[in-house]
Amino acid sequence: MTRLTMLLLTLVFNGLPSMGSAQAQDGGSRSSAFGWSSKRAEVRAQTRWSLDEWLKQRERMKWSDLWLQMNSPSPYE
């Protein structure tokens with residue numbers, strides 16, 4: 001990656017220097033400085049998958065693929 005890209009990513013993830021005054025005015029909440037609401041964060045947290053759920057889904061998909069492989073007709077028949 002170029003240096004400019006790395007600099008932009010660093011500024012985005014660490015917060016822009018000009019956002020410091022906005023954060024101080026509203027009590028230091030980083031989310032409100034960027035315009036994110038806590039309600040949206042709560043909704044996203046409820047729909048987020050956990051690692052356990054992902055592993056269970058992966059296991060179900062593996063068994064489904066195995067069943068389909070065993071029960072599908074052979075292409076040579």
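All values reported here derive from a predicted model rather than from experimental measurement.
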Transitive ILVMFWY side-chain link Trp67 to Met61, under 4.5 Å
no
Can you tell me if CD on Glu53 sees more than 12 non-hydrogen neighbours from other groups inside 6.0 Å?
yes
I'd like to know if Trp49 and Leu55 are part of one continuous hydrophobic network [Ile/Leu/Val/Met/Phe/Trp/Tyr, side-chain heavy atoms within less than 4.5 Å].
yes
Please determine whether salt bridge (Lys or Arg N to Asp or Glu O under 4.0 Å) holds for the pair Glu59 and Lys62, giving the CA-CA distance in whole Å, both sets of side-chain angles, and the decisive distance to 0.1 Å.
CA-CA 5 Å; Glu59 188 71 18; Lys62 184 172 74 170; 3.6 Å; yes
